[in-house]
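If you're wondering where the values come from, they're calculated on a predicted model, not measured in any experiment. Chain letters run A, B, ... following the sequence lines, proteins first and then strands; every chain starts at 1.
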Number of protein chains: 2
Amino acid sequence: MVTTVDPAALVAGVRAGRPRAIGRLISLVESGSPLVPGLVADLAADTGHALVVGLTGSPGVGKSSAVGALVARLRERGERVGVLAVDPTSPFSGGAVLGDRVRMQEHALDAGVHIRSMATRGELGGLAAAVPAALRVLDAAGCATTLVETVGVGQSEVAVAATADVTLVLLAPGAGDGVQLAKAGVLEVADVLVVTKADRDGASGLARELRAMVAHGHREPGDWVPPVVALSSVEGTGVDDVLAAVADFAEHQRRTGGWDVRRTARARGEVEQLVLAQVRASAPGGAGELDRLAAEVAAGRLDPYAAARDLLAR
Amino acid sequence: MVTTVDPAALVAGVRAGRPRAIGRLISLVESGSPLVPGLVADLAADTGHALVVGLTGSPGVGKSSAVGALVARLRERGERVGVLAVDPTSPFSGGAVLGDRVRMQEHALDAGVHIRSMATRGELGGLAAAVPAALRVLDAAGCATTLVETVGVGQSEVAVAATADVTLVLLAPGAGDGVQLAKAGVLEVADVLVVTKADRDGASGLARELRAMVAHGHREPGDWVPPVVALSSVEGTGVDDVLAAVADFAEHQRRTGGWDVRRTARARGEVEQLVLAQVRASAPGGAGELDRLAAEVAAGRLDPYAAARDLLAR
């Protein structure tokens, strides 16, 4: 399908927060369009204001309900909100992910909420380049807050932690999640711990367990101690507590310089992905050159250091 | 500490499978020594023979016991074996990881088994560069099989799947792991599913559940269907079944060309990491140039595409 793009109109549309322009530009980002560098450069001056809040946790923990509740409250405050749902494409999880998306439909017709799903399509590194660019677009569009929801545990956490200004780790009572996640190193990426389904049995016990774990973590004096906050989507309680904890952490980060550290790390990853994309595209043998060299390395006919030198020597 | 390295002696020592030389070279790899490219190039012709088997699963599922049992059986067959334990460094999980390492001590004095822990030290991407290089060293040292054990669920899986020739996902009965992992997309990376603690209640139910999930996954005709194998470290059963499933998958991969696809993907990731390391090191402003540019990008004073162009323009 050939469609024409009017870059000036697209940039103006994104700046004005028009949903179609925003959706269109994110699609261009995902497809790796050659127009993107110019468009992102034009929008650069409009970015740097949005707060990126990552939400992660096991499937079924209530991430989408939490996102829905947070969006509703931020909209009541008159803020424009972005939602980026990052899906690992899995033949096993398709249904569950779709179910989550459907639950967000109540906000789908609100022009002040921009919801976008991004799938990995099995490519490692694909999202690493596209997510930061999509966040830039939503930032330029005036979203004061963008919520990044990841499906799944682990891989996604680290990606969220590398991307978000604030990372919320959600845990539900009764899933035995506390100890499991602690062992898996997931608590380490949490800036705020949210106990979901707080109306259920075991919620206060889980909160106590998490506070004890947090207290036992090694940290330096002055380091942030992740608070444990209870949220009940059923009873509609805890949403303000979560937002207050997010605001507290943001304030801590601004005061300690952690804000700049994290945003610089995010930018570093973004620039690295773009360097690789450019090296791939401008290799002497064309875009397939990296694959050809990798095949030589895999076959033992070339060492990887020589391959890297070859790629850069042009 | 200043120590002198005799490259020729080190290469000869690794080729001869001498534990001290192997350990020394992997330490040089981890420290990013400038000697590494030359040493790896010297060893390139000796590599390409080892089978890399990744093991992953939730904490407590019995990964270390499985690794111990597999090592023992491979040693009975007279094979030289490598073990790479990849640890996410976490203030919460230190004890658990240490416990796992201690369980491997029974093999620590066997000169035919090379055990090495590699920690992430919180740096994303650090392991992405070091693990493939360490695998090369073990390959050149004559390890017919190297087992890569990751601690934790998720992030680690993807790293393993990107690195291993064969990925084993371990699940234990009673942990509610089946459904959780399926939803999290973890089953997708499994070439072989191993039900551990097969002597316990619920093991055969979990195996049935997993077979049903596998049967429902979308795949093309001729695609590999991950077998579900039961392993009991207590009763000492299932080890040969696991190794037979690994051999079946290896044969399938050789026949279908999947072998080359995966090894080429691994080499591609390795070369990309080395390209980035070289770009970082040779940037016009020195090794700190990427950080300086990233800070400009984070502050909104530079767009990321311009930063990537700057880094490459020298």
Q) Which atoms of D291(A) come close to chain B, meaning under 4.5 Å heavy atom to heavy atom: side chain ones, backbone ones, both, or neither? A) both
Q: Can you tell which part of A295(A) gets under 4.5 Å to a heavy atom of chain B, answering side chain, backbone, both or neither?
A: both
Q) Would you say V297(A) and R136(B) make side-chain contact, with heavy atoms under 4.5 Å? A) yes
Q | V271(B) vs E296(A) side-chain heavy atoms within contact, under 4.5 Å | A | no
Q) Which atoms form the tightest heavy-atom contact between D303(B) and A41(A), and what is the distance? A) OD2-CB, 3.4 Å
Q) Taking all non-hydrogen atoms of both residues, which atom of A294(A) and which atom of A267(B) are closest, and how far apart? A) O-CB, 3.3 Å
Q. R292(B): what forms a side chain to side chain donor-acceptor pair (under 3.5 Å) with it, not counting sequence neighbours?
A. E289(B)
Which residue out of [options] racks up the most heavy-atom pairs below 4.5 Å with chain A?
| options | value |
| --- | --- |
| A308(B), P304(B), A307(B) | P304(B) |
| L276(B), L302(B), T47(B) | L276(B) |
| V36(B), D139(B), D260(B) | V36(B) |

Q: Select one option (side chain, backbone, both, neither) describing which atoms of R301(B) are under 4.5 Å from chain A's heavy atoms.
A: neither
**Q.** A306(B) versus chain A, the contacting section by heavy-atom distance below 4.5 Å
**A.** neither
Q: Nearest 0.5 Å please: distance from the CG atom of L312(A) over to the CG atom of L312(B).
A: 7.5 Å
Q. What is the distance from atom CD of Q273(B) to atom CD of E272(A), rounded to the nearest 0.5 Å?
A. 7.5 Å
